[in-house]
Amino acid sequence: MDLARFLNTEQQKAVRALEGPVLVLAGAGSGKTRALTYRTARLIDNGVDPANILTLTFTNKAADDMKGKIVKLLGKERIKGMWLGTFHSICLRILRDNLARVNRSEGCLIYDTTDSVDIIEDIILEFGLDDLEYEAKIAYNIIQKAKMELIAPEFLIKEYARENKGSQHYYQVLSRIYQEYERVLLNNNSFDFNDLIKKTIELFSKYPEILREYQNRFKYVQVDEYQDVNHAQYQITSLLSEPEGNIFVVGDDWQGIYGFRGADIKNILEFEKDYPRAEIIKLEQNYRSTNNIISVSNQLISNNKQNKEKTAWTKEGDGAPIFLTRAKNPQVEAAYVARRINDLVNHYNYSYKDIAVLCRTNFQSHYIQQVFPRSHIPYQLIGGVSFFDRQEIRYFINYLRLLVNPEDGLALKRLFRIEADGVGDVLLSEINRYAREHKIQVADVLADPTRVKGIGEKKAANLIEFKLRVLDGIRGLRKMKMPFPRKALQLYELIDFENNVINELGNTAERLKYINFFMEDIHNYHKYNPGSTLYDYLLINELLGGQDELEEDNTDSVKVMTAHSAKGLEFPVVFIIAVEEDVFPHQKSLEEAAAGSNPYAVEEERRLLYVAMTRAEKILFMSFSQRKSGNNGEEKEVKPSRFLYELPVERMDLSSVDILRKSRRLQFKKDPTILKKN
DNA sequence: ATACCGTCTTTTTTT
DNA sequence: AAGACGGTAT
């Protein structure tokens with residue numbers, strides 16, 4: 001491999017570092033993925049068996065991208081047996097081979113956030129707790145955080161009480177909720193997302209011989225976006241790479257934006273402490289952006305205290321200044337963005353697909369969505385409400401889940417909601433309690449529902465009918481041998497989904513269209529993955545979170561998305577909207593910082609803005625509005641983001657802002673050649 | 001006890 | 001657009 005032709009000196013150094021612990025600190029746009037792919041290729045080129053290489057990423061997209069690039073270098077054949085995927089999918093793969101050892105069995109599915117919160121809501125209800133004091137969402141967050149830190153229910157009190165975010169008593173109750181939650185997952189033969197990591201570690205510590213098996217296999221462990229690993233993930237990588245010590249991690253502490261899901265930036269900051277022999281390589285040359293963009297974003301990030309020594313530089317010229325604009329309100333702001341986009345497309349050679357609009361929250365795209373169609377700008381929302389999150393799809397998946405995993409109590413509960421007239425949350429929890437106390441299945445309780453208190457003759461009749469038609473129907477289908485797309489269709493008819501669900505939800509035509517897409521998706525999956533099962537299909541969708549499905553677009557459209565989903569992407573032109581106090585930094589972060597529960601919350605917001613800014617190659621626009629409609633129709637003052645005051649004005653165009661600096665007046669069209677695409 | 005309807009609010013980020 | 005809430009009908 002002729003490395004020198006494709007890589008700079010530092011990148012080559014990274015690619016040549018094949019043994020021992022290596023940390024590659026790589027700034028935005030410095031070619032870190034490139035280094036990782038070339039290193040993988042080089043390992044294999046040097047005779048390492050691909051089966052000995054494990055590469056972990058955070059998103060499916062990153063995994064797919066990297067795989068594509070390695071295949072391009074080596075061809076499909078030469079990477080056979082290599083494991084490359086997200087932490088979650090890799091751990092699932094390990095767990096699937098060891099289900100019984102983690103007390104699960106065939107058919108075990110994964111609960112997403114909504115599912116887990118629902119379960120916790122039920123627990124709070126069943127425990128008879130005040131649901132104002134014990135809010136399910138908050139309990140969920142604390143429990144998940146504990147799971148990411150590998151803290152068992154019985155240690156929750158000890159670990160958290162001293163953080164005095166609540167009384168000792170609060171955490172005692174929470175510990176009970178956590179315990180019960182784990183019991184429900186076990187009972188329902190299900191995992192939640194964090195279980196995938198946590199149970200893998202439990203598997204390894206309970207069965208050292210299995211850990212050894214995987215250690216022997218994975219002689220080379222590589223991790224992308226290392227700044228985003230949480231404690232549990234850190235354990236996985238360090239356990240697996242222990243014997244050989246060949247751990248190669250790539251990351252950028254400046255881009256750590258996943259603290260809220262447990263990422264601990266200390267893992268990257270203290271890599272050298274964990275691995276004293278570690279080789280540290282810095283990739284500092286940026287190949288993406290103009291000097292102005294790099295200088296301004298460098299200046300921003302230098303305000304963080306939690307930083308590793310690193311610089312970013314480029315051979316590029318200054319390019320266009322960073323445009324900062326103040327609008328009267330969000331509508332005007334959106335109109336401004338639309339005008340600029342049409343300018344760029346009509347007069348400066350850009351296409352719509354060169355342009356991205358980034359926002360802090362999905363909600364910010366609201367006004368964009370109102371204005372763009374009127375301005376005839378084609379756009380595509382990335383992230384947002386995904387296909388699989390649509391109600392009718394969720395409902396149907398619910399039935400499918402029961403088909404695969406009869407023990408899924410949550411799915412069963414949701415069926416009650418749809419199918420069992422006159423039975424709501426209260427009666428249902430009575431039924432559940434009865435089933436648990438008598439150690440029988442819910443379906444068996446329904447054979448004679450009058451046993452449960454509160455269920456009279458009429459409701460009992462409904463429940464029996466429900467059991468016979470739906471539950472027994474699903475049970476029958478489960479035993480049948482036929483291709484799963486056909487099974488899904490039969491189920492659809494059996495429960496008369498169209499009448500019972502689609503019509504009930506309203507908006508029938510649209511929902512029918514989507515459910516048809518879904519059926520098609522099932523068919524396609526079966527077609528392109530011969531030998532796969534319904535179980536595989538459901539698992540894959542749970543892991544993908546339904547994202548990637550709609551992303552294979554080559555349409556010429558502006559991409560609208562959150563700064564989080566923009567990570568890893570780049571665009572010639574980027575607009576960042578609503579750069580305002582309480583939005584960017586987000587109010588929630590400011591609260592956390594003020595409460596002291598997360599002293600680095602604002603730093604993370606600053607990193608997020610840094611990520612957003614560094615997506616831009618040539619032109620960067622930032623904007624904010626002065627007022628917006630508040631709670632009761634009243635207009636509300638908006639303050640410009642504190643981050644804006646940290647930027648160097650000499651590299652910016654403030655011609656349409658006078659808040660930050662009144663005197664400066666640069667013209668947008670002063671030197672049009674700077675703006676031109678090529 | 002539950003369903004249903006209208007009104008209001010409310011949106012962090014993701015596997 | 002979907003949840004949360006509160007009131008009314010069954």
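Below, chain A is the first sequence line, B the second, and so on; all start at residue 1.
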- Item | Under-3.5 Å donor-acceptor pair between A/R261 side chain and B/dT15 base | no
- Message: For A/Y525 and A/Y537, take the angle between the two ring planes, folded into 0 to 90°, and tell me which bin it lands in: parallel under 30, tilted 30 to 60, perpendicular over 60.
- Response: perpendicular
- Counting only side-chain N and O atoms of A/S365, is one of them less than 4.0 Å from OP1 or OP2 of B/dT11? no
- Query: So, for A/L543 and A/N60, which heavy atoms are closest and what is the spacing to 0.1 Å?
  - Reply: O-ND2, 3.4 Å
- Message: Can you see if the side chain of A/N362 gets near the phosphate of B/dT13 - specifically, an N or O under 4.0 Å from OP1 or OP2?
- Response: yes
- Task: Give one of base, sugar-phosphate or nothing for A/Y258, where a contact means two heavy atoms less than 4.0 Å apart.
- Result: sugar-phosphate
- Separation of the P atoms in C/dC5 and B/dT12, to the nearest angstrom: 15 Å
- Rounded to the nearest Å, what distance is computed from the CG atom of residue A/D582 to the C1' atom of nucleotide B/dT12? 13 Å
- Just how far, in rounded Å, is P of B/dT12 from OH of A/Y140? 14 Å
- Note on the structure: Of the listed B/dT13, B/dT15, B/dT12, the closest approach to the A/K588 side chain comes from B/dT12
- Task: Return the set of residues passing salt bridge (charged side-chain N to carboxylate O under 4.0 Å, His left out) with A/K67 (not counting sequence neighbours), or none when no residue passes.
- Result: none
- Message: If the test is salt bridge (Lys or Arg N to Asp or Glu O under 4.0 Å), which one of A/R401, A/K413, A/R414 qualifies with A/D408?
- Response: A/R401
- Would you mind telling me which of B/dT15, B/dT12, B/dT14 lies closest to the side-chain atoms of A/T86? B/dT15
- A/T113 (side chain) and B/dT15 (base): donor-acceptor pair under 3.5 Å: yes
- Could you give all pairs that pass the salt bridge (Lys or Arg N to Asp or Glu O under 4.0 Å) test and reach residues 356-371 of chain A, with sequence neighbours left out? A/R360-A/E605
- Could you check how far CG of A/L381 sits from P of C/dA1, rounded to whole Å? 12 Å
- Query: Touch check for A/Q144, heavy atoms < 4.0 angstrom, all strands: base, sugar-phosphate only, or nothing?
  - Reply: nothing
- Query: Hey, does the side chain of A/T59 come within less than 4.0 Å of B/dT15's phosphate (OP1/OP2), counting only N and O?
  - Reply: no
- For B/dT13 and C/dA4, measure between their P atoms and round to the nearest Å. 16 Å
- Task: Using the closest heavy atom to pick a nucleotide of DNA chain B for each, name whichever of A/S89 or A/H586 lands nearer the 5' end.
- Result: A/H586
